Structure formats: structure tokens, C-alpha cells
Amino acid sequence: MSYVLTPSTIEQAVEMLTAHPGARPMSGGASLVAMKNARLIEPDHVINLAGIAALRGFERQADGGLRIGGMVRHREIADAGILTGDQAMIRQAAGVIANRVVRNMGTLGGAVGNADPAADYLPVLACADARLELAGPDGLRHLAMHEYLMDWYETALQPGEFVAAVILPPTGQGPSVYRKLARTPGDYATVSVACARVGQSVRVAVGACGPAPLRAPDAEAAISGRLTDPAAVAAFGAALAALADPIDDVRGSAEFRRRLIPRMVASAIRDVTEAT
Ligand SMILES: Cc1cc2nc3c(=O)[nH]c(=O)nc-3n(C[C@H](O)[C@H](O)[C@H](O)COP(=O)(O)OP(=O)(O)OC[C@H]3O[C@@H](n4cnc5c(N)ncnc54)[C@H](O)[C@@H]3O)c2cc1C
């Protein structure tokens with residue numbers, strides 16, 4: 001049996017997590033309750049973050065960036081008109097998570113905390129150069145996505161820490177797109193691609209093809225100014241496929257995933273290049 005604790009501040013939540021090393025934070029409960037019901041986890045305490053006001057809502061930062069609280073639900077993000085330009089892909093990703101029930105329940109902080117390599121937020125946040133705000137015994141610290149995601153389902157979270165928010169840099173012009181290929185609507189991605197145009201170049205992140213979203217800065221630099229050159233786009237997609245580290249699982253073989261990457265990347269680049 002788990003005891004449920006209900007902090008009303010970030011500091012209280014950290015204290016509770018620190019005092020109970022066998023505890024788990026709970027945000028929306030969409031995945032945690034399913035894991036508990038399947039007896040995959042049995043935390044002695046569940047720290048319900050739902051009552052913490054500082055984890056809610058969207059907040060414009062002094063530098064023009066945007067803080068999205070960890071308790072913001074997928075549905076709210078899918079509807080967030082504030083996410084435009086090179087951040088519109090985050091809205092698109094939220095809108096294709098699972099189904100309406102899960103989107104009403106699940107949260108940004110819970111999805112990032114869960115760190116499923118096939119989760120839809122991971123590639124769009126990596127592509128957006130998002131930083132994560134982690135709350136812990138020493139206060140707040142901020143990590144880039146590649147610093148946070150260490151290995152398959154392994155994050156940089158230390159005992160007593162949880163994901164308090166996602167911080168987006170000031171919006172660029174965009175446009176941006178999120179492409180998800182899944183076996184059925186509502187399933188986790190077999191392969192996903194996030195793509196944002198930055199002037200004559202692109203930022204691209206590939207999801208579900210390794211422990212963390214794949215970015216290739218050298219390849220991004222090489223394609224700069226050549227977004228409509230088919231050979232350059234094909235070389236870019238091939239470079240990403242070569243760097244990917246996919247596995248065989250029920251959603252597709254590693255070989256299938258590797259073959260999808262260049263096609264999905266080319267299609268995403270075409271979308272952001274043709275968009276006005
Ligand atoms: C049927 C089903 C289908 C799904 N399909 C998809 C899909 O297509 N794409 C997709 O991306 N996701 C999918 N998900 C996952 C969904 O997005 C969940 O909402 C999300 O993974 C967890 O969000 P939550 O707020 O409900 O977290 P919870 O269920 O509360 O927690 C999930 C895990 O994260 C930990 N956790 C919770 N909050 C935090 C925090 N703030 N910091 C650190 N750790 C935390 C918990 O301890 C737990 O281990 C699916 C889930 C279900 C149940």
C-alpha cells in the first residue's frame with residue numbers, strides 16, 4: 001500500500017521526497033497508476049504534485065523565453081496559442097499523445113519525468129533547445145535535454161529531485177513541424193521527427209530511435225542554405241540514420257526505423273521549407 005502525501009509548495013515536495021527514499025512523485029497519474037496496477041512499481045509513498053500552484057501555467061520570462069509548469073496537462077499544451085513559430089511543434093506533439101483521456105490527465109512534468117524514449121515531447125523539446133527546471137534539496141537547477149537524458153529510461157534526476165518546469169528560449173520565426181509514425185493513432189511513436197526552420201537552416205531531432213532524441217549539429221551546419229537541394233537533404237537524413245541507435249521492439253525493427261528516418265526527415269524539411 002502507498003501513502004499519498006499532498007504538498008502545496010515545491011519545497012514541501014522536495015522535503016517529502018527526501019524524507020521517503022521509496023517515494024515517487026505523481027503528476028497526472030496516467031502512467032503511474034497504470035504501473036502500480038500492473039504491480040510494476042510499489043512506492044511506499046506517492047507525492048501528489050497536483051496542489052502546487054508554482055507548477056501550473058505558462059509564464060513569459062524576462063528574456064522573452066517561456067516557462068511551462070510541470071503540472072500543465074497535454075490538453076492545455078495542445079491548445080496553447082502562445083506556442084507559435086519554432087515552438088508550434090510542441091503543440092502538435094501534445095495533440096497526438098495517446099487519446100483524449102490520457103491528454104486530459106497526463107502532464108508535461110510527468111511525461112518528461114517518465115522519460116520514455118518514444119514519448120512525443122522529447123524530440124520537440126530537444127529540437128526547441130528547451131531547458132528543464134529541476135527542483136531538489138539544493139534548490140533549482142537547469143539542464144539541457146541531452147544533459148538530462150542519460151540512457152534508456154535513465155535521467156540525471158538525483159534523490160529528492162523532480163521536474164518542476166520546462167523553459168523554452170525566446171521564440172524564433174519558425175515554422176516547425178512534428179511528424180509521428182505510429183502503428184495506430186494513439187500508439188507511441190515507432191519513429192518521430194521534430195523540425196524547425198531557422199532562417200536558411202533547420203534544427204532536427206529524431207525520437208524513438210535511441211535512448212534520447214538524436215540531434216546532429218554538424219549535419220545541421222552542413223545543410224545550412226541547402227534546404228531545397230535534394231542531395232543535401234538526402235545526405236542529412238542518411239547522416240541521422242547512421243547516428244541513430246534504434247532497437248527492435250513491438251513497434252518496429254531497428255532496420256525499419258533506420259530506413260524511415262531519411263524519409264521522415266526529408267518530408268519534415270519540405271514542410272518547413274514550403275511553409276510561409
Ligand atoms: C494508455 C497510454 C498511452 C500513452 N500513449 C502515449 C503516447 O502516444 N505518447 C506519449 O508521449 N506518451 C504516452 N503516454 C504517456 C502519457 O503521456 C503520460 O501522461 C505521461 O507519460 C506521464 O504523465 P503523468 O503526468 O500522468 O505522470 P505520472 O503518471 O504521474 O508519472 C509517470 C512517472 O513519472 C514520474 N513523475 C511524475 N511527475 C514527475 C515529475 N514532475 N518529475 C519527475 N518524475 C515525475 C512518476 O513517479 C512516474 O514514475 C501514454 C500513457 C498511457 C497510460
Side-chain angles (χ1 to χ4, degrees), residues 1-36 41-77 80 82-83 87 90 94 104-116 119 121-122 125-126 128-151 153-170 212:
M1 199 183 90
S2 305
Y3 292 95
V4 178
L5 302 178
T6 54
S8 51
T9 65
I10 288 180
E11 293 74 20
Q12 281 176 6
V14 169
E15 272 170 33
M16 289 169 181
L17 282 169
T18 308
H20 303 289
R24 289 261 190 158
M26 180 172 80
S27 293
S31 296
L32 185 133
V33 171
M35 288 190 284
K36 250 174 79 59
I41 56 167
E42 192 45 68
D44 49 34
H45 290 76
V46 169
I47 316 295
N48 185 355
L49 306 178
I52 303 178
L55 302 182
R56 295 194 176 279
F58 298 78
E59 191 189 325
R60 190 59 75 193
Q61 306 286 280
D63 68 351
L66 186 69
R67 178 184 185 274
I68 311 179
M71 272 304 302
V72 174
R73 300 194 190 265
H74 307 327
R75 179 185 48 77
E76 294 175 80
I77 293 179
I82 198 169
L83 295 171
Q87 295 169 356
I90 301 171
N104 280 334
M105 228 179 141
T107 66
L108 180 61
V112 174
N114 203 33
D116 190 311
Y121 285 130
L122 302 188
L125 295 181
D129 288 331
R131 295 183 73 76
L132 304 181
E133 180 183 297
L134 307 184
D138 297 325
L140 300 179
R141 64 182 179 124
H142 295 89
L143 293 185
M145 291 295 287
H146 69 271
E147 297 167 321
Y148 170 75
L149 294 164
M150 313 283 287
D151 209 337
Y153 294 96
E154 202 182 306
T155 72
L157 281 174
Q158 296 298 307
E161 279 191 320
F162 65 91
V163 179
V166 168
I167 314 266
L168 301 177

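Side chains included, hydrogens not; waters and symmetry mates left out as well; all remaining heavy atoms used. This structure is a prediction, so every number in the text was calculated from the model and none was measured.
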Trainee: Heavy atoms only: give me the nearest Pro43-Arg24 pair and the separation to one decimal.
Mentor: CB-CG, 3.7 Å
Trainee: Closest approach of Arg141 and Ala156, non-hydrogen atoms and distance?
Mentor: NH2-O, 2.9 Å
Trainee: Is there a side-chain contact between Val46 and Tyr3 in this structure, where contact means two heavy atoms from C-beta onward sitting under 4.5 Å apart?
Mentor: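 No, their side chains stay 4.5 Å or more apart.
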Trainee: To the nearest 0.5 Å, what is the distance between OH (Tyr121) and CG (Asn114)?
Mentor: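 Output value for this atom pair is 12.5 Å.
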Trainee: For Ala94 versus Ile77, what's the shortest heavy-atom pair and its separation?
Mentor: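 Scanning both residues, the minimum pair turns out to be CB-CG2, 3.6 Å.
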Trainee: Would you check if the side chain of Arg56 reaches a backbone N or O of Ala50 as a donor-acceptor pair within less than 3.5 Å?
Mentor: yes
Trainee: Got a second to check how far Leu125's CG is from Arg131's CZ, nearest 0.5 Å?
Mentor: 13.0 Å
Trainee: Considering only heavy atoms from C-beta outward, does the side chain of Leu168 approach that of Ile90 to under 4.5 Å?
Mentor: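 Leu168 vs Ile90: side chains touch.
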Trainee: Does a side-chain heavy-atom distance below 4.5 Å link Ile41 with Leu32?
Mentor: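 Ile41 reaches Leu32 side chain to side chain.
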Trainee: Okay, side chain of Gln12, backbone of Ser8: is any donor-acceptor separation there less than 3.5 Å?
Mentor: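 Yes, Gln12 side chain to Ser8 backbone: donor-acceptor pair under 3.5 Å.
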Trainee: Using side chain to side chain contact (heavy atoms under 4.5 Å, CB included), reason through Arg67 and Glu133 one step at a time and then give a plain yes or no.
Mentor: CA-CA 9 Å; Arg67 178 184 185 274; Glu133 180 183 297; 3.0 Å; yes
Trainee: Which heavy-atom pair separates Thr155 from Ala115 by the least distance, and what is that distance?
Mentor: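 Heavy-atom minimum between the residues: CG2-CB, 3.5 Å.
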Trainee: Measuring only between side-chain heavy atoms, which start at C-beta, is Ile167 closer than 4.5 Å to Leu132?
Mentor: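 No, their side chains stay 4.5 Å or more apart.
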Trainee: Side chains of Val163 and Leu108, heavy atoms from C-beta outward: is any pair under 4.5 Å?
Mentor: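 Val163 does not reach Leu108 side chain to side chain.
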Trainee: Can you tell me how far apart CE (Met71) and CG (Leu49) are? Round to the nearest 0.5 Å.
Mentor: 7.0 Å
Trainee: What is the minimum heavy-atom distance between Leu66 and Gln61, and which atoms define it?
Mentor: N-CG, 3.9 Å
Trainee: Any chance you could measure Ile68, atom CD1, to Thr107, atom OG1, to the nearest 0.5 Å?
Mentor: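 Those atoms lie 12.0 Å apart.
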Trainee: Would you compute the distance between atom CG of Leu140 and atom CG of Leu134 and round it to the nearest 0.5 angstrom?
Mentor: 8.5 Å
Trainee: At what distance, to the nearest 0.5 angstrom, does OG of Ser31 lie from CE of Met35?
Mentor: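 Output value for this atom pair is 5.5 Å.
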Trainee: State, with a plain yes or no, whether a side-chain heavy atom of Ile47 is found less than 4.5 Å away from one of Phe162.
Mentor: no
Trainee: Search all heavy atoms of Ile10 against all heavy atoms of Ala164 and return the closest pair with its distance.
Mentor: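 Closest approach of Ile10 to Ala164: CD1-CB, 4.3 Å.
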Trainee: State, with a plain yes or no, whether a side-chain heavy atom of His74 is found less than 4.5 Å away from one of Glu76.
Mentor: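 No, too far: nothing below the 4.5 Å cut-off.
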Trainee: Kindly say whether Pro169 contributes a backbone atom to a donor-acceptor pair with the side chain of Gln87 at under 3.5 angstrom?
Mentor: yes
Trainee: Please report the C-alpha distance between Arg73 and Asn104 in whole Å, then the side-chain angles of each, then the deciding distance to 0.1 Å, and finally whether the side chain to side chain contact (heavy atoms under 4.5 Å, CB included) criterion is met.
Mentor: CA-CA 6 Å; Arg73 300 194 190 265; Asn104 280 334; 5.9 Å; no
Trainee: Determine whether Leu5 and His20 make a side-chain contact, defined as any pair of heavy atoms from C-beta on separated by less than 4.5 Å.
Mentor: yes
